[in-house]
Amino acid sequence: ASVLDRAGKPIADRVHALTPHPAPPAAILELIRTIAGALPAFDRISAGFPGVVRSGRIITAPNLGTEAWHNFALAAELERQLGKPARVLNDAEVQGLAVIGGSGLECVLTFGTGMGSAIYRDGLGCTAVPDGDFAAARKAVPEPVVTKPSEDAPVLPIENDAAISALLADPRLTGENMRAVVVVHD
């Protein structure tokens, strides 16, 4: 975690902590409070979460325990506990915003404990499939579509070459080259 200025430049050194195991919401929130206390003052919270996130609520958390996290209102809880407005998205979506060029169709792949992905069109997020959790993604959104980004953006599973080909054949996306961005994180 760090604090960024309005231009996105860090104004504090990164504070890093290992994820506790098990990792129920109470343990993660305690860790976040500790980390936030080590940082300079901030105006708002942007958080990336390793799972399917809709409207600041956790739908799945493959690496942390979906049962404990399912339907947990993480954004609201961060706001309550830290007293600042909070926005929570899938972690690959958040990381992708930092590295995309903002032009054309771009795909971000993240590799760490799991694998995540996000797709952007002209700088706007379209999709995220966290940590290869395709089964949960299908349950969360039965009809995948590409839309403008929002916390309610639908999930489009990209499982194989046929799925990628189908995405690229979508008439809303034709005529553009896809720029792939790969992010490797710890």
Side-chain angles (χ1 to χ4, degrees), residues 1-19 23 25 28-29 31-33 35-36 38-39 42-64 66 69 72-79 81-82 84-103 105-134 136-137 140-141 146-158 179-186:
S2 187
V3 177
L4 308 177
D5 66 16
R6 290 190 181 276
K9 303 281 185 212
I11 61 171
D13 289 336
R14 179 177 173 227
V15 177
H16 183 264
L18 296 176
T19 303
I28 297 298
L29 287 164
L31 179 62
I32 290 171
R33 285 191 310 273
I35 290 171
L39 293 168
F42 53 91
D43 297 323
R44 60 187 166 272
I45 302 160
S46 299
F49 185 86
V52 175
V53 180
R54 295 291 172 259
S55 299
R57 286 188 173 278
I58 307 310
I59 306 301
T60 68
N63 293 328
L64 301 178
T66 294
W69 283 95
F72 184 79
L74 182 56
E77 194 58 28
L78 288 171
E79 288 181 5
Q81 291 194 23
L82 298 175
K84 304 290 182 181
R87 186 166 198 186
V88 178
L89 299 171
N90 170 265
D91 58 346
E93 289 178 284
V94 172
Q95 290 177 13
L97 290 169
V99 297
I100 62 171
S103 177
L105 188 61
E106 298 174 275
C107 174
V108 175
L109 303 174
T110 63
F111 299 93
T113 304
M115 181 187 134
S117 64
I119 297 177
Y120 305 84
R121 182 173 186 196
D122 295 328
L124 302 176
C126 298
T127 61
V129 178
D131 301 315
D133 194 0
F134 302 114
V141 180
V146 178
T147 67
K148 289 186 177 180
S150 74
E151 291 178 334
D152 298 316
V155 174
L156 178 59
I158 299 190
R179 176 175 170 257
V181 178
V182 177
V183 178
V184 178
H185 56 92
D186 55 16

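For Glu77, the salt bridge (Lys or Arg N to Asp or Glu O under 4.0 Å) criterion is met by Arg80, not counting sequence neighbours. Scored by the side chain to side chain contact (heavy atoms under 4.5 Å, CB included) test, Leu64 finds Thr19, Ala23, Phe49, Pro50, Ala61, Trp69 as partners (sequence neighbours excluded). Under the rule for a side chain to side chain contact (heavy atoms under 4.5 Å, CB included), the partners of Arg44 that lie at least two apart in sequence or sit in another chain are Arg6, Pro85. With sequence neighbours left out, the side chain to side chain contact (heavy atoms under 4.5 Å, CB included) criterion links Ala98 to no other residue. Legend: residues meeting side chain to side chain contact (heavy atoms under 4.5 Å, CB included) with Ile35, ordered by chain and number and at least two apart, are Ala1, Val15, Ala17, Leu31, Leu39.
When the shell of 6.0 Å around CG of Asp5 is examined, it contains more than 12 heavy atoms from other residues, nucleotides or ligands.
Contact detail for Leu109 and Ser117: the closest heavy-atom pair is CD2-CB, 3.7 Å. Here the closest non-hydrogen pair linking Gly101 and Glu106 is N-OE2, 2.6 Å. Between Leu97 and Tyr120, the shortest heavy-atom distance links the atoms N-OH, 3.6 Å. Residue Ala12 comes nearest to Ser2 through the heavy atom pair O-OG, 2.7 Å, listed as atom of the first residue, atom of the second, then distance.
Checking side-chain atoms of Glu79 against main-chain N and O of Ala86 turns up a donor-acceptor pair under 3.5 Å. Between the side chain of Thr110 and the backbone N or O of Gly116, at least one donor-acceptor pair lies under 3.5 Å. A distance-only check finds no donor-acceptor pair linking the side chain of Gln81 to the backbone of Arg33 [under 3.5 Å]. No donor-acceptor pair closer than 3.5 Å links the side chain of Asp122 to the backbone N or O of Ser103.
Note that the CG atom of Leu74 and the OG atom of Ser55 stand 13.0 Å from one another [nearest 0.5 Å]. Remark: Asp43 CG to Leu4 CG distance equals 11.5 Å, nearest 0.5 Å. Rounded to the nearest 0.5 angstrom, Asn90 CG and Arg54 CZ are separated by 8.0 Å.
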Please evaluate residues Ile45 and Leu82 with respect to the criterion side chain to side chain contact (heavy atoms under 4.5 Å, CB included), reporting the C-alpha separation (whole Å), side-chain torsions for both, the decisive distance (0.1 Å), and the verdict. CA-CA 9 Å; Ile45 302 160; Leu82 298 175; 3.6 Å; yes
*asked:* For a side chain to side chain contact (heavy atoms under 4.5 Å, CB included) check, start with the C-alpha distance between Val88 and Val94, then their side-chain angles and the critical distance, and finish with the verdict.
replied: CA-CA 9 Å; Val88 178; Val94 172; over 6 Å; no
Derivation and outcome, side chain to side chain contact (heavy atoms under 4.5 Å, CB included), residues Val52 and Ile58: CA-CA 6 Å; Val52 175; Ile58 307 310; over 6 Å; no
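Using a 4.5 Å cut-off on side-chain heavy atoms (C-beta onward), Leu78 and Ile32 make contact.
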